[in-house]
Amino acid sequence: MKRFKQTLRLSIPLSLIIVLCCALFTLPAAAFSDVAPGSWYEKAVTQMTDSGQLSGYPDGTFRPNQTISTAEFVAITARRAGLSPVSAESAHWAAGYTQAALQTGWYDWDEIPPTGEKFNQPITRQLAVKIIMKAFMPDARGDFNKESSKISDFSQLDGRYYEAVLAAYSKGIVTGDSSGTFRPKSGLSRAEACVLIQRAGEFSQGQMPVQPEPVVSDPAVPPRTETIQGGVSKNGWLKVVGASLCNDQGQPVVLRGMSSHGLQWYGQFASSQAIKNTADYGANLFRIAMYTDEDGYLSNPDKIRQQAISAIDAAVSNDMYVIIDWHILSDGNPMFHVSESEAFFTDIAQRYKDNPAVLYEICNEPNGNVSWQNDIKPYAQRIINTIRSQSPKSIILVGSGTWSQDIHIAAADPLQYENIMYTLHFYAGTHGNELRNRIDQVMAQGFPVFVSEWGTSRADGSGGVFINESCQWLDFLNQRGISWTNWSLCDKNETSAALRPGTSPAKPWTQAELTESGKFVFSRFNG
Ligand code: DCB
């Protein structure tokens, strides 16, 4: 039986050296002067180094007794599990892996903050075990009484690690040392870490996490657009230049934030505190989804208009841009209520004609038996004229057929106005390369695209959460400087909702009140 080593030598983490050797050296274990043949960790070290998941040092040593750092542990586990690095805020060598691991849900923000302050510290044994169990055996469980009796210092474990540690003991991943202690808050050596990761990894052969589709580098892809962020006071009146949204200085600008859910159902999350909360997390845009049908504006125009106006004013007072969205959905043809739309937009555009913050989205998602040429385009011409007659400089966002996915059809027969953008809506669990290719196709023709709604879920608002696919999408949008709002800011019990059920709209939100989707999306307001 392999066992944990009792003595741990604490030493300064050697992250810089590790980064160099991770990148440059993969020495076969046999070459490690300090990995004794027949030692309890030799097999695991050999297998992992041979497959490129682990490396030694340029001087030919593996340093099995050296305490492993948090970043090393996460990066090695991620490689073993086949996770790919994603873009991250910290410049640390392992930040791409730690960000991917965080987004995959291996641990929470407070355990390993993405800002990096714990990356070079030793990882605790309890957290290390949680990570490998999440990575390789997420469904394993252990019987509390049976397993906890094997651990003489069980009372020292923090409660959030009970489940993972009990599962690890029950599966034989962790066996404890000869005195039956686990020492949850101590570190572990590189050799121990290697054995643990290898053992859990072998257990789960065939159940590797789903990998995002590789981003195919297409020579037609533009170089990353240098965009600026910031609010209305910094950027002023926006304008469309070629395929880019620009500020009043002509510099490409990117807006990111949340969409409300239907005001008739979740209007409380379009409150000034809720909008401020998203601004505090870095959003510079808010979208007001004003359903027309489904008991929305058309059933209760005065009340819903007032809610929308209050939400616009709340966004403005937080220096955010704001989209007022005429949210057609079950009424799939915008012509059904064109005169109500004209009246509504006349009123709003008149009210906000001097305010650069307000963007107009005139038809959320045309769908069903609706044609660009015969329905959407004539509707758009009428409403654009209506808005421009009051507020000539505003940006206007126009949807297309198939729930605002048919931008290529719109681009083939475009609107002849300035400062128009075409909306593309996607749901990461449903839509992928096909829609991304469409974006590239129309941008190459010079048409500006705005993602005024997307979700981490499937297209019905539930399923998933599809974090890998969402990441791939956001990286794609960042590369092209495309602005977005995410569906949706509410506490509905559906995976696309950013807030857990019961979250108060009247207070700032803690991480614990954000859903898996909310945590991910809120972490990406700045790119
Ligand atoms: C869009 C709508 C939005 C809808 C989301 C998710 O619809 F713009 O209103 O939100 O995407 O489906 C959902 C809410 C649910 C609510 C439902 C009805 O999340 O809580 O019950 O609206 O009000 C899309 C987008 C794409 C596709 C289909 C829909 N698609 N759709 O590609 O098939 O069926 O609503």
Side-chain angles (χ1 to χ4, degrees), residues 257-270 286-300 304 307-308 311 323-334 336-337 341 359-370 372 376 397-410 422-439 449-466 469-470 473 484-503 515-518 521:
M258 293 302 298
S259 173
S260 76
H261 200 288
L263 292 183
Q264 75 276 34
W265 299 310
Y266 292 96
Q268 69 273 30
F269 293 101
F286 189 75
R287 176 186 190 237
I288 300 162
M290 193 186 76
Y291 275 69
T292 45
D293 205 348
E294 302 178 57
D295 293 330
Y297 175 81
L298 299 170
S299 322
N300 220 338
I304 300 282
Q307 280 181 298
I323 298 171
I324 176 70
D325 157 40
W326 183 257
H327 199 85
I328 63 165
L329 187 61
S330 61
D331 45 342
N333 187 333
F336 290 162
H337 301 295
S341 175
L359 286 69
Y360 299 83
E361 183 171 358
I362 62 177
C363 50
N364 166 51
E365 291 185 351
N367 63 85
N369 186 17
V370 61
W372 170 259
I376 307 169
L397 310 178
V398 184
S400 56
T402 320
W403 298 279
S404 291
Q405 292 161 30
D406 292 344
I407 47 174
H408 57 310
I409 296 176
Y422 297 90
T423 61
L424 181 289
H425 291 182
F426 72 85
Y427 281 81
T430 303
H431 308 114
N433 276 334
E434 200 191 343
L435 290 191
R436 286 191 286 268
N437 291 340
R438 255 181 217 179
I439 293 178
V449 176
F450 199 111
V451 174
S452 56
E453 187 184 303
W454 72 276
T456 58
S457 63
R458 283 192 317 252
D460 62 359
S462 60
V465 180
F466 296 90
E469 290 79 0
S470 299
W473 264 107
W484 52 259
T485 62
N486 172 262
W487 186 264
S488 73
L489 189 70
C490 75
D491 71 342
K492 184 170 179 173
N493 188 15
E494 62 182 4
T495 51
S496 56
L499 304 168
R500 292 197 192 282
T503 299
T515 59
E516 191 183 351
S517 181
V521 173

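Counting convention: from 1, in listed order, for ligands and their atoms alike. Count residues from 1 along the sequence. Small disclaimer: the values here were computed from a predicted structure and weren't measured.
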| request: Report the residues that fulfil side-chain hydrogen bond (donor to acceptor under 3.5 Å, both in side chains) with Asp406, sequence neighbours left out, ordered by chain and then residue number. | output: Thr402, Arg438
| request: Write out the protein residues near ligand 1, meaning a non-hydrogen atom under 4.0 Å from one of its atoms, in order of chain and number. | output: His261, Trp265, Tyr291, Glu294, His327, Leu329, Asn364, Glu365, Trp403, Gln405, Tyr427, His431, Glu453, Ala459, Asp460, Gly461, Trp487, Lys492, Glu494
| Minimum heavy-atom distance Asp293-Ser330, with the two atoms named | OD2-OG, 3.1 Å
| task | Sequence neighbours left out, what passes salt bridge (Lys or Arg N to Asp or Glu O under 4.0 Å) with Arg458? Give chain and number order. | result | Asp460
| message | Return the OG1 to CD distance between Thr485 and Glu361, rounded to the nearest 0.5 Å. | response | 7.0 Å
| field | Test side-chain hydrogen bond (donor to acceptor under 3.5 Å, both in side chains) applied to Tyr291 - qualifying residues, sequence neighbours left out | value | none
| If you draw a 6.0 Å radius around CG in Asn493, do more than 12 non-hydrogen atoms from other residues or ligands fall strictly inside? | no
